[in-house]
2 protein chains.
Amino acid sequence: MLSQTTLPIASTTSTVRDPEVRGLLSLTLPGSVTFYPVDSVIYGQGDTAGPLYLVEFGTVRICRMTSDGRRQITSFCYAGDVFGLEDGDEHQSYAESVDGAGIRLLRPTDSAAFAQKLLGLALRRFARVQKHVLLLGRLNANEKMATFLIDLMERQDADGIINLPMQRNDIADYLGLTFETVSRVLRVLKDKQIIRLLSVEKIEVLDTEALAGLCE
Amino acid sequence: MLSQTTLPIASTTSTVRDPEVRGLLSLTLPGSVTFYPVDSVIYGQGDTAGPLYLVEFGTVRICRMTSDGRRQITSFCYAGDVFGLEDGDEHQSYAESVDGAGIRLLRPTDSAAFAQKLLGLALRRFARVQKHVLLLGRLNANEKMATFLIDLMERQDADGIINLPMQRNDIADYLGLTFETVSRVLRVLKDKQIIRLLSVEKIEVLDTEALAGLCE
DNA sequence: CGACCAATTGAATTGATTCAAGGTCCGTGG
DNA sequence: CCACGGACCTTGAATCAATTCAATTGGTCG
């Protein structure tokens with residue numbers, strides 16, 4: 001969609017804290033940070049895979065499409081997350097910036113220690129996606145939403161206020177719902193006094209217990 | 001459920017052909033083959049993770065449960081598949097024998113080459129599970145079933161006759177459906193002359209094109 | 001043969017979607 | 001500064017795909 005621009009400033013050192021990711025950084029040749037505007041493509045389905053990407057700020061969605069245009073978002077990546085790791089030499093998913101994201105390219109050095117790190121990364125991602133499988137296959141709309149919100153809370157370690165950088169349609173395509181259903185489910189949670197909608201993209205969790213109770 | 005028994009015969013060398021897996025075998029200390037009867041547990045949720053498991057024959061299901069007992073099967077493993085690889089030191093899923101399976105334990109030697117192999121394995125699994133995410137999130141019952149059957153065909157490289165070692169309930173829990181729906185969808189495919197039900201566990205594909213066309 | 005479990009089929013129900021109508025927010029230009 | 005347009009979000013009503021509940025059939029094993 002729109003073209004990205006390389007940030008001229010503050011691009012040499014990452015601000016990421018996660019020790020796992022920092023370990024990875026030390027074994028790669030990190031590039032500078034590139035800014036991807038809203039909805040711009042980071043890599044496309046079929047593109048050559050290889051380098052990894054580190055989210056410095058903003059949000060990224062990893063997606064797949066059916067041939068008739070239905071979209072499934074397989075994951076959202078937030079600041080500190082690494083993505084782009086794939087089987088084979090072609091990307092089977094595509095990645096887009098959700099809200100304007102700063103992405104650092106990590107060029108893999110071909111060392112054994114690096115592979116070890118990658119394995120840890122892959123396993124963590126794998127554990128995540130398996131939880132997603134359970135969510136998609138066996139939870140109802142309320143449970144999906146509650147699980148999503150709890151996950152966001154943990155990732156943002158926000159005490160109370162959750163930020164929704166993505167729009168309703170993205171949430172729907174992540175949870176296997178329609179955007180109307182997402183809207184309605186939020187209303188249900190609101191009516192139950194579990195959350196409060198501060199704005200379209202800000203949610204206050206009033207009753208974390210109740211929200212967690214819905215996850216199952 | 002039932003207890004496993006170690007096979008006294010033909011247990012020292014694996015019959016697996018997949019070069020990726022054979023490479024893995026050469027870097028592990030393969031144990032003997034243990035037979036797990038129908039529905040017996042191979043490892044449970046919360047068990048200590050570590051060794052890998054190689055399916056020598058039969059079928060294994062990898063599952064997760066919600067706290068109220070809903071089950072999602074995240075994958076089926078057939079002869080030649082390796083499973084048991086997980087993040088952290090506790091299994092977050094559990095594995096059961098579907099139909100009586102022979103399982104070889106692979107004790108990881110802690111070498112770098114081994115990690116490299118594991119990475120390849122993890123990435124392959126990752127690619128698989130992502131396809132499953134799309135299936136669960138965005139396909140309807142017919143499409144799910146068609147995709148499942150095509151996948152089985154490819155894995156069994158069967159020309160025409162597909163074997164269903166698992167029962168309807170397992171298929172349902174894999175596809176995010178109910179067993180009644182699985183039954184009905186099979187009937188629809190039968191009525192469309194796309195498949196023929198030779199027996200409960202044998203399906204003849206009459207029109208592979210049509211079946212593939214349903215997959216999207 | 002009878003018991004039991006799995007699979008099929010039918011009928012009623014329901015959770016989520018689809019279709020449609022407003023409402024809100026925000027940026028742009030008069 | 002306010003009006004307008006467009007994109008996104010919310011809400012309602014009707015519809016539908018899949019589930020639930022309930023028989024019935026089929027297959028297997030003692």
Side-chain angles (χ1 to χ4, degrees), chain A residues 1-2 37-39 61 66 68-72 98-100 135-148 163-191 195-203 214 216, chain B residues 1-2 37-39 59 61 66 68-72 98-100 135-148 162-191 195-203 214 216:
Chain A
M1 318 236 172
L2 297 170
V38 175
D39 289 335
R61 58 178 174 250
T66 62
D68 65 345
R70 282 170 285 176
R71 183 182 68 158
Q72 176 66 43
V98 168
D99 57 349
L135 176 146
L136 290 170
R138 285 294 172 237
L139 301 195
N140 65 30
N142 290 339
E143 294 167 333
K144 284 176 177 180
M145 195 52 161
T147 305
F148 177 64
N163 232 300
L164 297 178
M166 70 294 288
Q167 55 188 52
R168 300 292 187 264
N169 210 346
D170 288 329
I171 300 175
D173 284 353
Y174 179 70
L175 298 178
L177 301 169
T178 61
F179 64 88
E180 294 99 325
T181 300
V182 167
S183 208
R184 276 187 263 267
V185 168
L186 285 175
R187 189 178 203 300
V188 169
L189 294 179
K190 194 187 82 178
D191 288 350
I195 61 171
R196 216 151 60 91
L197 298 165
L198 305 181
S199 74
V200 170
E201 71 233 344
K202 275 211 182 339
I203 288 181
L214 285 179
E216 275 340 279
Chain B
M1 318 235 172
L2 298 169
V38 174
D39 289 336
T59 309
R61 58 177 174 251
T66 62
D68 65 345
R70 282 169 286 176
R71 183 181 67 157
Q72 176 66 43
V98 168
D99 57 349
L135 176 146
L136 290 170
R138 285 292 173 239
L139 301 195
N140 65 30
N142 290 338
E143 294 166 332
K144 285 176 177 180
M145 195 50 155
T147 305
F148 177 64
I162 297 177
N163 231 300
L164 297 178
M166 69 296 287
Q167 54 187 51
R168 301 291 187 264
N169 208 348
D170 288 329
I171 300 175
D173 284 353
Y174 178 70
L175 297 179
L177 300 170
T178 61
F179 64 88
E180 295 99 326
T181 300
V182 167
S183 210
R184 276 186 263 266
V185 167
L186 285 176
R187 189 177 203 301
V188 168
L189 295 178
K190 195 187 82 178
D191 289 351
I195 61 171
R196 216 150 60 91
L197 297 165
L198 304 182
S199 75
V200 170
E201 71 233 343
K202 275 211 183 336
I203 288 180
L214 285 178
E216 272 338 283

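Heavy-atom basis, side chains included; hydrogens, waters and symmetry copies ignored. Here is how names work: the chains are called A, B, and so on, in the same order as the sequence lines, proteins then strands, and each is numbered from 1.
Considering only heavy atoms from C-beta on, A:Val98 stays 4.5 Å or farther from A:Val38 through its side chain. The shortest distance between side-chain heavy atoms of A:Gln72 and A:Leu136 falls below 4.5 Å.
Remark: side-chain polar atoms of B:Asn140 are paired, donor with acceptor, to backbone N or O of B:Asn142 under 3.5 angstrom.
We find that CG of A:Asp39 is positioned 12 Å from P of D:dA7, with the value rounded to whole Å. The separation between A:Asn169 atom CG and D:dT10 atom P is 12 Å, rounded to whole Å. The distance from atom CG of B:Asp173 to atom P of D:dT19 is 11 Å, rounded to the nearest whole Å. At whole-Å resolution of the value, NZ in B:Lys202 and P in D:dG27 are 15 Å apart. The distance from atom CZ of A:Arg168 to atom C1' of C:dT24 is 12 Å, rounded to the nearest whole Å. Atom NZ of B:Lys144 and atom P of D:dA17 are 14 Å apart (whole Å).
Residue A:Arg184 places a side-chain atom within donor-acceptor reach of the base of D:dG12, judged by atom type and a 3.5 Å distance cut-off alone.
The A:Thr178 side chain lies nearest to C:dT17 when the options are C:dT17, D:dT10, C:dA6.
Between A:Arg187 and D:dT11 there is a side-chain polar atom (N or O) within less than 4.0 angstrom of OP1 or OP2.
Between A:Arg184 and A:Asp191 there is no salt bridge, since none of the side-chain N atoms of the basic residue sits less than 4.0 Å from a carboxylate O of the acidic one.
The residue B:Leu186 sits apart from the nucleic acid: no heavy atom pair falls under 4.0 Å.
Both A:Phe179 and A:Ala141 lie close to DNA chain C; mapped to their nearest nucleotides by heavy-atom distance, the more 5′-ward contact belongs to A:Ala141. Comparing A:Arg138 and A:Glu180 by the nucleotide of DNA chain D that holds the closest heavy atom to each, the one mapping nearer the 5' end is A:Glu180.
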